[in-house]
Amino acid sequence: MRVTSFPLATLRDTPSEAEITSHQLLLKGGFIKRVSSGIYAYMPLMLRVIEKISHIIEKELNKIGCSKLLLPQLHPSELWKKSGRWEGYTEGEGIMFNLKDRQDRSFGLAPTHEEVITYIASEIVKSYKQLPFCFYQIQTKFRDEIRPRFGLMRGREFIMKDGYSFHSSKEDLIDFYKIMEKSYENIFENCGLKTLGVEADSGAIGGAASKEFMVTADSGEDSILFTKSGSYSANIEKAISLPSKEKPLKNFSKSLIHTPNQKSIQDICKTNNFDPSQIVKVIIYLAKFEDKSEVPLLLCIRGDQSINDVKVFNLIDKTKQSNLLTLSIIESDLEIKKNLNELPLGFIGPDLKDQLIKKNSSWEKKWVRIVDHSAYNLSKFISGANKVDFHKFFNSWKFIGDNYIEADIRNSKAGDYLDKDSSEILLEAKGIEIGHIFQLGQKYSKKLDAKFSNQKGLLENIWMGCYGIGVSRLAQAAIEQNHDENGICWPIQISPFKVVLIATNLKDPIQEKLALSIYKEMQENNIDVLFDDRDERAGVKFKDADLIGIPFRIIVGRDAIDNQVELISRSKEIQLKLSSKELVEKFLNESKLM
RNA sequence: CGGGGCGUGGCGCAGCUUGGUAGCGCGGGUGCUUUGGGAGCACUAGGUCGUAGGUUCGAAUCCUAUCGCCCCGACCA
């Protein structure tokens, strides 16, 4: 392609709306244009990247027997009502754009396609003989994100590859899940990306096992924990580990400790020379369920550790038939006054009485007490005395009786031990989630009544898996991982062009003639070449070539008269002077090595 | 939604405190010179100062409302 065939909209200054490097470079290089918050146009250069990624995905998925199709984006509300997700996805902080047609029928703009694909499977699958199979599509998804961010990283409209597999048994699903996992590793490797697969919570989509694929980058929104050896990796919501050892606490003769105005763990430790690991922190939460019941929670954890809301959510969700809707820390004065008698905030202890909950409160009248292992393992500890300006020394948990749940509700963190016998400690990094695979099981096939006749002739719900890749996000994550002070350094596999051809002075007829013949020859050899045929000074073209990140550059310059040209890699690792005759062969050779 | 910041030519910004009718750099156009890392000179086009009200003889500037954008939290590919 010739540069003059489309406006190369590179900018000299970085637009102020972008914060992270990859977003700045996308805007500065003219790859994307913002149309509204979280909504972007993919300019020709960007579309080429998206298409390259798409082809890599398609090739790899076709290899394991998946079939590409294209599903509608406008979904009737009925399907989403059947799966039970319509309300959650449209009301309150719901993420689905929705609208009504002229007949006043409700539709949603698809944020994901489990409903539609399960409906279709329910129509076409009759027998186990038709299973297994896997459909996928690459298409625009819509999500009314609470806060769109960082350009394509979290857009309200984004390109996603989503795949759905259908199986006659759980075992078959698990087998295929493993095949898909390998396939994902191939895809990301073929895109030239370094990724880390981590165990994940399956979240709103639901189901059993799930794994996320992360591009490690400081600007990442997710925290991941892993061991140096690679023996373990998980995102922070899911990670399980053992905390570092507590500092031993000496015995106290009296149990009550006067701690005036020392509300935070830091305060108490500083004034009384305690270590945070000797304190038990008590935090109160409120869980609201679909059946309108409200359950107050009393969570106890070691003072140097923090609560993992996802773990608490999953734990509490299991305690009731009704679905858990929200979980939040109780901190508003209004809420506390309305439901509790004199809560000594800052001095709460694990033995806080149930009687504190007012009789006319809408809450259930008993604390659900959850003690994290880290707290329960302390034989002696300091905690609040449930009395303003006092803490207390505890030398056992006997007081709690059997009125509690001991569980893991703790955020793992860097420095934790993997398990009892391991000397391996966890490291922490930030990551960008670019892929996620789930074993859905029968969640959607049950709701949407998708069944097949099994070998015994009995009807059974189809077993399903689902597999996503954020294509547009992947493209930006690739920049986050591959750039320098001059611009983007695309991995050659997904670069919009493999090589850019620059004549330093096109007005020189010798250069022009040689550049044109090279351009023609490269095209004939099916090489993705961008010919910068603008009437610009060499410096401008070099700067733009660096900015838009093309991995190789051919320079036709002063030595054109001797048919000599230069082949240089974006990284400058390869710098060759060679005759134009051997150029194509040499280029094919060098670019293969990358 | 809560907290913070910002809207002035395509991009980056100044002007606003102390009202007097808009300016700088880059970019664009034309011409000449230049030509291996964002050239020089000259000329030139381009702005209802986000929008709507209000105060005032007069508003980019003061007041009110409203819209949009970005950042920090809850959401996720």
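Residue numbering restarts at 1 for every chain, and letters A, B, ... go by the order of the sequence lines. Side chains are part of it too, since the values below use all heavy atoms of this structure and drop only hydrogens, waters and symmetry mates.
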I want to check something: taking the side chain as every heavy atom from C-beta on, are [X] and [Y] in contact at a cut-off of under 4.5 Å?
X        : Y        : result
A/Ile548 : A/Ile488 : no
A/Ile479 : A/Leu26  : yes
A/Glu590 : A/Phe552 : yes

[atom1] atom, [N] versus [M]: distance in rounded Å?
N     : M     : atom1 : answer
B/G2  : B/C62 : P     : 25 Å
B/C43 : B/G20 : P     : 29 Å
B/C24 : B/G15 : C1'   : 11 Å
B/G10 : B/G28 : C1'   : 8 Å
B/U18 : B/A74 : P     : 41 Å
B/A77 : B/C70 : C1'   : 22 Å
B/G3  : B/G29 : P     : 47 Å
B/C13 : B/A22 : C1'   : 14 Å

Neighbour count above 12 (heavy atom, 6.0 Å) for A/Ile64 CD1: yes

Which one, [options], comes nearest to the side chain of [X]?
X        : options             : value
A/Glu17  : B/C72, B/C69, B/A77 : B/C69
A/Arg147 : B/A74, B/A39, B/G37 : B/A74
A/Tyr40  : B/C70, B/C13, B/A77 : B/C70
A/Phe158 : B/A77, B/G73, B/C13 : B/A77
A/Glu433 : B/C75, B/G37, B/C76 : B/C76
A/Val540 : B/C11, B/A77, B/A39 : B/A39
A/Ser37  : B/G37, B/C11, B/C70 : B/C70

Row check, A/Phe497 ring normal vs A/Arg48 NZ/CZ: under 6.0 Å, within 45°: yes

Base, sugar-phosphate, or nothing: which does [X] touch, judged by heavy atoms less than 4.0 Å apart?
X        : answer
A/Glu212 : nothing
A/Asp546 : base
A/Ser36  : sugar-phosphate
A/Phe150 : sugar-phosphate
A/Arg156 : nothing
A/Ser472 : nothing
A/Gly151 : nothing
A/Asp544 : base
A/Glu145 : base
A/Asp222 : base
A/Lys211 : nothing
A/Ile95  : sugar-phosphate

Distance flag, aromatic centroids of A/Phe135 and A/Tyr164, threshold under 6.0 Å: no

Going by distance alone, is a donor N or O of one side chain under 3.5 Å from an acceptor N or O of the other, for [X] and [Y]?
X        : Y        : value
A/Tyr136 : A/Asn62  : yes
A/Ser579 : A/Asn563 : no
A/Asp533 : A/Tyr519 : no

Mutual orientation of the aromatic rings belonging to A/Tyr40 and A/His23 [parallel < 30°, tilted 30-60°, perpendicular > 60°]: perpendicular

Round to the nearest Å and state the distance from [X] atom [atom1] to [N] atom [atom2].
X        : N     : atom1 : atom2 : answer
A/His113 : B/A77 : NE2   : P     : 14 Å
A/Ile32  : B/C69 : CD1   : P     : 15 Å
A/Glu157 : B/C76 : CD    : C1'   : 16 Å
A/Glu19  : B/G4  : CD    : C1'   : 13 Å
A/Asp144 : B/C1  : CG    : P     : 11 Å
A/Asn308 : B/A74 : CG    : C1'   : 15 Å
A/Phe142 : B/C76 : CZ    : C1'   : 17 Å
A/Arg149 : B/A77 : CZ    : P     : 15 Å

In the strands shown, is [N] matched to any nucleotide by a Watson-Crick or G-U wobble pair with both distances under 3.5 Å, and which?
N     : value
B/A39 : B/U33
B/A52 : B/U64
B/A22 : none
B/C69 : B/G5

Base of [N], side chain of [X] - is there a donor-acceptor contact under 3.5 Å?
X        : N     : result
A/Arg473 : B/C76 : yes
A/Arg154 : B/C75 : yes
A/Arg34  : B/G10 : no

Test log, rule side-chain hydrogen bond (donor to acceptor under 3.5 Å, both in side chains), inputs A/Asp162 and A/Gln137: CA-CA 6 Å; A/Asp162 52 327; A/Gln137 60 169 347; 3.2 Å; yes

Letter per nucleotide, 5' to 3', of nucleotides 25-36 of chain B [B base touched, S only sugar-phosphate touched, - untouched; heavy atoms, 4.0 Å]: BSS------BBB

Residue closer to the 5' end of RNA chain B, A/Ile159 versus A/Lys33 (nearest nucleotide): A/Lys33

Of A/Arg553 and A/Gly435, the one whose closest RNA chain B nucleotide lies more 5': A/Arg553

Ionic contact status for A/Glu157 with A/Lys141, cut-off 4.0 Å: no

